[in-house]
Peer 1: 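My structure is below; once you've seen it, I'll send some questions.
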Amino acid sequence: MKVQLVVFVVLGLVLSVLCDEPDYSYGSSGEAEWNTISPQCNGTMQSPIPLSSMTARPGLEMQQLEFTNYQLDPTQVMVTNDGHTAVYSFEFPDGQNFTARGGPLQGTFQFDSLHFHWGASSDRGAEHVVDRRRYAMEMHLVFFNQQYGSLSNAETMENGLFVLGIFLTNSTTEPNYGWLPALNQVQTAGTSYTLPDPTVFNIKQLIGARRRPYFSYHGSLTTPPCYETVSWIVQRKPLPISEAQLNTFRSLRKDNGEPLVDNFRMLQDINGRQIFLYR
């Protein structure tokens, strides 16, 4: 009996080490459990939300929203399948950080990484809905407020994070996304791959120089721990992506080996928050 008890204790310690980050799933039943992972997921300023061009308040840029160093070719790009999404992380030359400031942002924010949300079919996938339309995919560029020094320090702090959301819509043409085939190397959850040519993922070449029109509001991370510390900017105009390219994302697998699809959170209540549209 004592031997069995020791075995169970050891197994429990091993499992606790392997499961430092609680797992979560999408859909009504899965998301109903998110508050057991983090109480913040039941907060009043959660994301994503529905956005409307008709009801949003006009936004006025006292200082133009601007990005710095995003035109630089990265020196390294790594993609990781973390079981929930595909995450691309970047290194830039000589420590020249990609930063954002101006517009509705209060402070200077440093780029950390980007990731995607997509559906099993092209009629869904994006997290935010604009004018009752849900796009096939949404890309999130995650930034942290430089005054806090790192993403982990900033994520719990007021005005700690900024996320730029960009939609991708199904297109009959196939854009030249040289960074996308790398996904074939990370189909298994928990795997990473360093792109042999990092210059194929130039962020400015992907997202362009024009930001407006865009929506802005205060919200949260869209996955646990759901911290309500995010200044959101969601661009109105989508980027193109072909069905074949979407299928490359859909070929990724979750931890349990099932297809990694429909990794978008259900819409959250606005709860009287102000939503601005910068035209």
Peer 1: State yes or no: do V129 and L168 share one hydrophobic cluster built from I, L, V, M, F, W and Y residues joined by side-chain heavy-atom distances below 4.5 Å, directly or via other members?
Peer 2: no
Peer 1: Take T248 and Y177 through the side-chain contact (heavy atoms from CB on, under 4.5 Å) test and state the conclusion after the steps.
Peer 2: CA-CA 12 Å; T248 303; Y177 295 155; over 6 Å; no
Peer 1: Which atom pairs, one a donor and one an acceptor, fall under 3.5 Å between side chains of residues 95-102 and the rest of the protein, sequence neighbours left out?
Peer 2:
from: Q96; atom 1: NE2; to: P93; atom 2: O; distance (Å): 3.4
from: N97; atom 1: OD1; to: Q110; atom 2: NE2; distance (Å): 3.4
from: N97; atom 1: ND2; to: Q110; atom 2: OE1; distance (Å): 3.4

Peer 1: So, do F109 and N159 sit near enough that their side-chain heavy atoms are less than 4.5 Å apart?
Peer 2: yes
Peer 1: Give the minimum heavy-atom separation between P224 and C41, together with the two atoms involved.
Peer 2: CA-SG, 4.0 Å
Peer 1: Rounded to the nearest 0.5 Å, what's the gap from CD1 on I241 to OG1 on T173? Could you check?
Peer 2: 11.0 Å
Peer 1: Can you check whether A126's main-chain N or O pairs, donor with acceptor, with H117's side chain at less than 3.5 Å?
Peer 2: no
Peer 1: Run the numbers on T55 and I275 for side-chain contact (heavy atoms from CB on, under 4.5 Å), then give the verdict.
Peer 2: CA-CA 8 Å; T55 60; I275 303 169; over 6 Å; no
Peer 1: State, with a plain yes or no, whether a side-chain heavy atom of R212 is found less than 4.5 Å away from one of E61.
Peer 2: yes
Peer 1: For the pair R211 (side chain) and G208 (backbone), establish whether a donor and an acceptor sit closer than 3.5 Å, ignoring hydrogens and angles.
Peer 2: yes
Peer 1: Compare all side-chain heavy atoms of R265 with those of C226 and state whether any distance is below 4.5 angstrom.
Peer 2: yes
Peer 1: Do any N or O atoms from the side chain of D112 and from the backbone of L151 form a donor-acceptor pair under 3.5 angstrom?
Peer 2: no
Peer 1: Are the side chains of L195 and V79 in touch, meaning some heavy atoms are under 4.5 Å apart?
Peer 2: yes
Peer 1: Hey, does H140 have a side-chain heavy atom less than 4.5 Å from the side chain of T85?
Peer 2: no
Peer 1: Are L105 and L65 close enough, and set up right, to give a side-chain contact (heavy atoms from CB on, under 4.5 Å), and what steps lead you there?
Peer 2: CA-CA 8 Å; L105 301 178; L65 177 65; 3.9 Å; yes
Peer 1: Say whether V87 and L260 are linked into one hydrophobic cluster, either directly or through other cluster members, by side-chain heavy-atom distances under 4.5 angstrom.
Peer 2: no
Peer 1: Can you name the nearest heavy-atom pair linking I49 to Q268, along with the distance?
Peer 2: CG2-O, 3.6 Å
Peer 1: More than 12 heavy atoms of other residues, nucleotides or ligands under 6.0 Å from CD of E158: yes or no?
Peer 2: no
Peer 1: Nearest heavy-atom pair of P104 and Y214: which atoms, and what distance?
Peer 2: CD-OH, 3.3 Å
Peer 1: For the side-chain hydrogen bond (donor to acceptor under 3.5 Å, both in side chains) test, which of H128, Q274, R273 pairs with Y217?
Peer 2: H128
Peer 1: What closest approach, in Å, do S89 and S113 show between heavy atoms, and which atom pair accounts for it?
Peer 2: CA-CB, 4.4 Å
Peer 1: According to a hydrophobic-cluster definition based on side-chain heavy atoms being under 4.5 Å apart (Ile, Leu, Val, Met, Phe, Trp, Tyr only), do Y135 and W118 belong together?
Peer 2: no
Peer 1: Over all heavy atoms of both residues, which pair between P240 and S171 is shortest? Give the atoms and the distance, please.
Peer 2: CB-CB, 3.7 Å
Peer 1: Heavy atoms, side chains only, cut-off 4.5 Å: are I166 and L141 in contact?
Peer 2: yes
Peer 1: Roughly how far, to the nearest 0.5 Å, is the CG atom of L239 from the CZ atom of F167?
Peer 2: 11.0 Å
Peer 1: Please lay out, stage by stage, how F143 and I233 fare under the test side-chain contact (heavy atoms from CB on, under 4.5 Å).
Peer 2: CA-CA 11 Å; F143 298 72; I233 289 178; over 6 Å; no
Peer 1: Give a yes or no on whether the backbone of T172 and the side-chain of E174 come within a donor-acceptor separation of less than 3.5 Å.
Peer 2: no
Peer 1: Flag the pair W232 / F276 as yes when their ring centroid distance falls below 6.0 Å, and as no otherwise.
Peer 2: no
Peer 1: Which atom names give the shortest non-hydrogen contact between L277 and A56, and what distance separates them?
Peer 2: CB-CB, 3.8 Å
Peer 1: Check each of Y193, Y88, F90 against W179 using the ring pair (Phe, Tyr, Trp, His ring centres under 6.0 Å) test, and report the only one that passes.
Peer 2: Y88
Peer 1: Sub-3.5 Å donor-acceptor pair from the side chain of S220 to the main-chain atoms of S47, do we have one?
Peer 2: yes
Peer 1: Does one hydrophobic cluster hold both L252 and F264, with members joined at side-chain heavy-atom distances below 4.5 Å?
Peer 2: no
Peer 1: With a 3.5 Å distance limit and no angle check, can you tell me whether E127 reaches the backbone of P48 through a side-chain donor-acceptor pair?
Peer 2: no
Peer 1: To the nearest 0.5 Å, tell me how far N153 CG sits from Q147 CD.
Peer 2: 11.0 Å
Peer 1: Same hydrophobic cluster for L221 and F116, using side-chain heavy-atom links shorter than 4.5 Å among ILVMFWY?
Peer 2: no
Peer 1: Within this structure, what is the CG-OG1 distance for the pair D255 and T188, rounded to the nearest 0.5 Å?
Peer 2: 10.5 Å
Peer 1: Less than 4.5 Å apart, any side-chain heavy atom of Q235 and any of L164?
Peer 2: yes
Peer 1: State whether the side chain of N81 and the backbone N or O of T191 hold a donor-acceptor pair below 3.5 Å, judged by distance alone.
Peer 2: no
Peer 1: Would S122 and E243 count as having a side-chain donor-acceptor pair, cut-off 3.5 Å?
Peer 2: yes
Peer 1: Counting C-beta onward and ignoring hydrogens, is there a side-chain heavy-atom pair between P259 and R253 closer than 4.5 Å?
Peer 2: yes
Peer 1: For the residue pair F111 and Y70, is the inter-centroid distance of their aromatic rings smaller than 6.0 Å?
Peer 2: no
Peer 1: Give a yes-or-no answer on whether the side chains of S38 and Y227 include a donor-acceptor pair shorter than 3.5 Å.
Peer 2: no
Peer 1: Could D131 and R236 be called an ion pair, given the rule that one side-chain N must be under 4.0 Å from one carboxylate O?
Peer 2: yes
Peer 1: Working to the nearest 0.5 Å, report the span between CD of E91 and CD of Q76.
Peer 2: 4.5 Å
Peer 1: Counting N and O atoms only, with roles assigned by atom type, does the side chain of Q245 sit under 3.5 Å from a partner on the main chain of P175, one being a donor and the other an acceptor?
Peer 2: yes
Peer 1: Using atom types as modelled and distance alone, determine if a side-chain donor or acceptor of S231 lies under 3.5 Å from a backbone N or O of F162.
Peer 2: no
Peer 1: Is the distance from the ring center of H84 to that of Y24 below 6.0 Å?
Peer 2: yes
Peer 1: Atom CG in L267, atom CZ in R134: separation rounded to 0.5 Å?
Peer 2: 5.0 Å
Peer 1: Could you walk me through whether D123 and S121 pass the side-chain hydrogen bond (donor to acceptor under 3.5 Å, both in side chains) test, one step at a time?
Peer 2: CA-CA 6 Å; D123 61 346; S121 61; 2.5 Å; yes
Peer 1: Determine whether a donor-acceptor pair (N or O, by modelled atom type, separation under 3.5 Å) exists between the side chain of S52 and the backbone of M54.
Peer 2: yes
